[in-house]
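In what follows, a structure is listed as structure tokens, so that the remarks can point back to it.
Heavy atoms only: backbone and side chains are in, while hydrogens, waters and symmetry mates are out. We name chains A, B, ... by the order of the sequence lines, and we start the count at 1 in each one.
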Amino acid sequence: MPEITLPDGSRRQFDGAVTVAQIAASIGAGLAKAALAGRVGAALVDMSYLVEHDAAVSIVTDKDPEGLEIIRHSTAHLLANAVQELFPDAQVTIGPVIEDGFYYDFAYKRPFSSNDLAAIEQRMAEIAAKDLPILRRVLPRDEAIRHFERIGEHYKAQIIGSIPAGESISLYGQGDWEDLCRGPHVPSTSKLRAFKLTKVAGAYWRGDSRNEMLQRIYGTAWASEKQLKDYLTRLDEAEKRDHRRIGKELDLFHLQEEAPGAVFWHPKGWALFQSLISYMRERQAAAGYLEINTPEIMDRELWVQSGHIEKFGENMFMTRTPDERTFAIKPMNCPGHVQVFKQGLRSYRELPLRLAEFGKVHRYEPSGALHGLMRVRAFTQDDAHIFCTTDQITAESVKVTELILSIYRDFGFEDVRIKFSDRPAQRVGSDEIWDKSEAALRTAAAAAGIETTLNPGDGAFYGPKLEFVLRDAIGRDWQCGTLQVDLNLPARLGATFIGEDSHKHTPVMLHRAMFGSLERFTGILIEHHAGKLPTWLSPVQAVVMGITERQEKYCLEVAENLKNQGLRVETDLRNEKVGFKIREHTIKRVPYLLVAGDREVEGRTLAVRTRSGKDLGAIELDALVSGLADEVASRGRHVLEDRVSQRRSA
RNA sequence: GCCGCAAUAGCUCAGCUGGUAGAGCAACGCAUUCGUAAUGCGUGGGUCGGGAGUUCGAUUCUCUCUUGCGGCACCA
């Protein structure tokens, strides 16, 4: 006589054990039709699940996030079903739900083509239309292994083999097709209505590059056609803000065959890059950092000492000189900074010593990893190393954390997540040292009042790290900043200071970067703003244009005036209609378009239009110059546009 | 590095089954002197990513290298 408690708190009595489907039907026919699964207590279950005891039950529909997940999971099964009908000797492996969709990995003698994809999608639609009930059955583990071996599904048998003996295994099937699965699933294939296969790719079995490569098919699935369409539109929008595309449109940079993974910065891109550096210089100087510069090429031996060769030798550029010495092109700045620290005798009175460098590093990244500005082989780090005593770790780490978060705020990134990565399998240093440095970093994170999520085994080879991940305008996460506590490298490289006790001690080294890679951060900014960079970062902050030749002199005078304020200004005196010029510079995302006609020359004003198409009307030259200068100096906290509209309404 | 796909004018792209290439935009020239997202007319521009092979003949077919793209793996 189970008593069922519904989400609204109401209770229902049933005479005997009852399925979720029956419960849904007892609430209403509409709900029964929309139902995809149930939640009994905390567990998600199928519609056919038999509730035998008192329980809290809710019905899951496609309005619930769990419902969408179940749809995606069932669509993955539908995909596997279709693939095996069309390619009977393809073996199934795994098919999980991912963000916005799902994938399924198959072992097959050849890769699937895009034609195959179309045929598979077609077959999926046919199976869905058959409205086949999805049924669950349970087998003991060993029997399940024998079953999958018998039907030639060796990967599935292997997966079950890693489940503890004695457990039961559930299988889900539709028609005469069946797959190992924990479930739950939608009750019937007709619930799967809005899906699309998106791409094929290779993927290693169990995610290990030593294993064979499987054929992965990606798809997306939604509760309705409309949601599917919206998703596809969203993909198009994301593509439009791709930094590689905008980089070309705005003439910021290029890449070419002769220098894979290395950027050719054009004047406009370099202006942006330089404004990031000047900004960071200013913030770091204020925070007590001293800027240095260290060699890009140093003897290989130094990298053996540091341990970089052992761990990353394969990924370092090496060069052999005519005198037969082998030099490494630096993949990191740390050993160089330690050399600066080591010059002369250091006293505890100098600590903490914060050495910063905009260091250009080269890493021979795997060819397949390269991606526009986001993953390159030559990049500039806003790197710094803080040499300090054990006692100073916490205070310094708190300062770094606060600085990073404050800097991200200046760029409009408020949503920052922080990950804590502890000791990796391949590392240098004893476990005692690792215990100490992990504890120190944990204490520091707590002192800074930040919440972290654990990223097990993801630390650097010399120490644990905090990773600062920021979320951009369209919800993508980017790891940028990092803070690492290192109790290993200073000793390996022989760094010491004289303590209060007049004895030599080994300093602690904190590694930190805020932008991480300047190249990458530039790419992130471009995508975050879809190219419409805030004025203080825009390569061209304003364009002065005349309507006819008569305003040429005035335009040049205005431009000169703005340039004297340190603004990046261009003139457009071409023999073109003003509409044409407006269009061109709007497409180039120039924040302010300053138009001078006879009226403006007469009144010493400018007609101001923003790139978003807003007409700010005529503004006096002096007011405009100071307004723009203020907008740039305040890094967008005072915006000319707002100020003008405020004054108008006042 | 691995799997797949791609590379044609400065850019975006077309070019069916082999017969040495075309559009739009851009560039250049001329006219136009114009008030907020494209003025008109004209002109020039290509070793069809590199190398090799098949063929009477290769942008097109085959092999190979390079680079890029989508994933996987990697990311100090």
Side-chain angles (χ1 to χ4, degrees), chain A residues 103 105 110-114 116-117 198-218 242 244-245 248-249 251 254-261 303 306-316 330-335 361 363-372 374-377 381 383 424 426-428 458-463 465 479 482 484 486 489 511 513 516-517 520 545-552 574-587 593-600 607-611 613-617:
Chain A
Y103 67 78
D105 286 348
R110 65 165 178 85
F112 295 116
S113 68
S114 47
D116 293 335
L117 218 60
T198 50
K199 55 199 166 200
V200 279
Y204 298 108
W205 166 235
R206 300 209 142 156
D208 189 329
S209 60
R210 288 166 301 192
N211 289 343
E212 62 273 31
M213 188 154 267
L214 305 171
Q215 304 304 322
R216 174 169 300 180
I217 298 178
Y218 284 91
D242 189 307
R244 292 167 296 189
R245 176 180 172 148
K248 204 178 276 174
E249 286 170 4
D251 193 19
H254 85 271
L255 298 157
Q256 71 183 46
E257 243 182 30
E258 289 77 1
W303 304 96
S306 70
H308 284 91
I309 287 279
E310 196 192 336
K311 175 130 183 164
F312 292 108
E314 293 287 290
N315 300 305
M316 288 170 64
K330 70 175 175 186
M332 285 253 64
N333 303 299
C334 349
V361 297
R363 298 177 182 180
Y364 186 72
E365 302 286 4
S367 55
L370 303 182
H371 178 95
M374 302 305 196
R375 190 80 184 272
V376 285
R377 285 185 175 154
Q381 292 181 313
D383 207 356
Q426 199 191 337
R427 57 180 184 262
V428 296
D458 231 17
F461 71 86
Y462 46 72
K465 61 184 180 186
Q479 197 218 299
T482 178
Q484 305 160 6
D486 181 2
L489 285 189
H511 305 237
S517 147
R520 186 179 143 86
M545 58 190 89
I547 290 173
T548 72
E549 278 173 356
R550 290 194 298 278
Q551 298 87 33
E552 188 172 319
R574 290 176 303 171
N575 175 14
E576 294 289 351
K577 291 191 165 181
V578 71
F580 178 83
K581 296 183 187 178
I582 294 276
R583 174 181 155 79
E584 238 179 36
H585 300 296
T586 303
I587 288 171
L593 310 180
L594 313 178
V595 182
D598 290 338
R599 287 203 299 272
E600 286 75 18
V608 182
R609 179 184 161 118
T610 69
R611 64 187 157 195
K614 195 183 278 184
D615 182 2
L616 302 188

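- Side-chain N/O atoms of A:R363 and base N/O atoms of B:rC75 include no donor-acceptor pair closer than 3.5 Å.
- Remark: B:rA27 base-pairs with B:rU43; criterion is Watson-Crick or G-U wobble with both hydrogen-bond distances under 3.5 Å.
- A:R550 has a side-chain polar atom (N or O) that falls below the 4.0 Å cut-off from OP1 or OP2 of B:rC34.
- Contact annotation: A:K248 side-chain N/O to B:rU12 OP1/OP2 distance is under 4.0 Å.
- Nucleotide B:rA6: paired with B:rU67 (Watson-Crick or G-U wobble, both distances less than 3.5 Å).
- Taking only side-chain nitrogens and oxygens, A:R609 comes nearer than 4.0 Å to OP1 or OP2 of B:rA37.
- Contact of A:E600 with B:rG35 (side chain to base): a donor-acceptor pair of N or O atoms is detected under 3.5 Å.
- You'll find a donor-acceptor pair under 3.5 Å spanning the side chain of A:Y204 and the base of B:rG1, going by distance alone.
- The side chain of A:Y103 contributes no N or O atom lying less than 4.0 Å from OP1 or OP2 of B:rC72.
- Residue A:M213 has its side chain nearest to B:rC3 when only B:rG68, B:rA37, B:rC3 are considered.
- Among the nucleotides B:rU67, B:rG71, B:rA76, the one closest to the side chain of A:H308 is B:rA76.
- In this structure, A:K199 reaches the B:rG71 phosphate: one of its side-chain N or O atoms is under 4.0 Å from OP1 or OP2.
- Between B:rG70, B:rA76, B:rU36, one nucleotide has an atom nearer to the side chain of A:V595 than all others, and that is B:rU36.
- As a whole-Å value, the separation of A:K330 NZ from B:rA76 P is 18 Å.
- One atom, CZ of A:F461, and another, C1' of B:rC75, lie 13 Å apart when rounded to the nearest Å.
- Distances were taken from every side-chain heavy atom of A:Y218 (C-beta onward) to each of B:rC72, B:rC74, B:rU36; the shortest belongs to B:rC72.
- Between the CD atom of A:Q479 and the C1' atom of B:rA76 there is a distance of 12 Å, given to the nearest Å.
- Between the side chain of A:R609 and the backbone N or O of A:L593, no donor-acceptor pair lies under 3.5 Å.
- Distance A:R377 CZ to B:rU67 C1': 11 Å, rounded to the nearest Å.
- Close to B:rG70, at under 4.0 Å from its OP1 or OP2, lies a side-chain N or O of A:R244.
- The listed nucleotides are B:rG70, B:rC34, B:rC3; the one nearest the side chain of A:P111 is B:rC3.
- Here A:K465 reaches the OP1 or OP2 of B:rA76: one of its side-chain N or O atoms lies under 4.0 Å away.
- Listed candidates were B:rC34, B:rC72, B:rA76. Nearest to the side chain of A:R216 is B:rC72.
- Electrostatic pairing of A:R110 and A:D116 counts as a salt bridge here, judged by a charged N lying under 4.0 Å from a carboxylate O.
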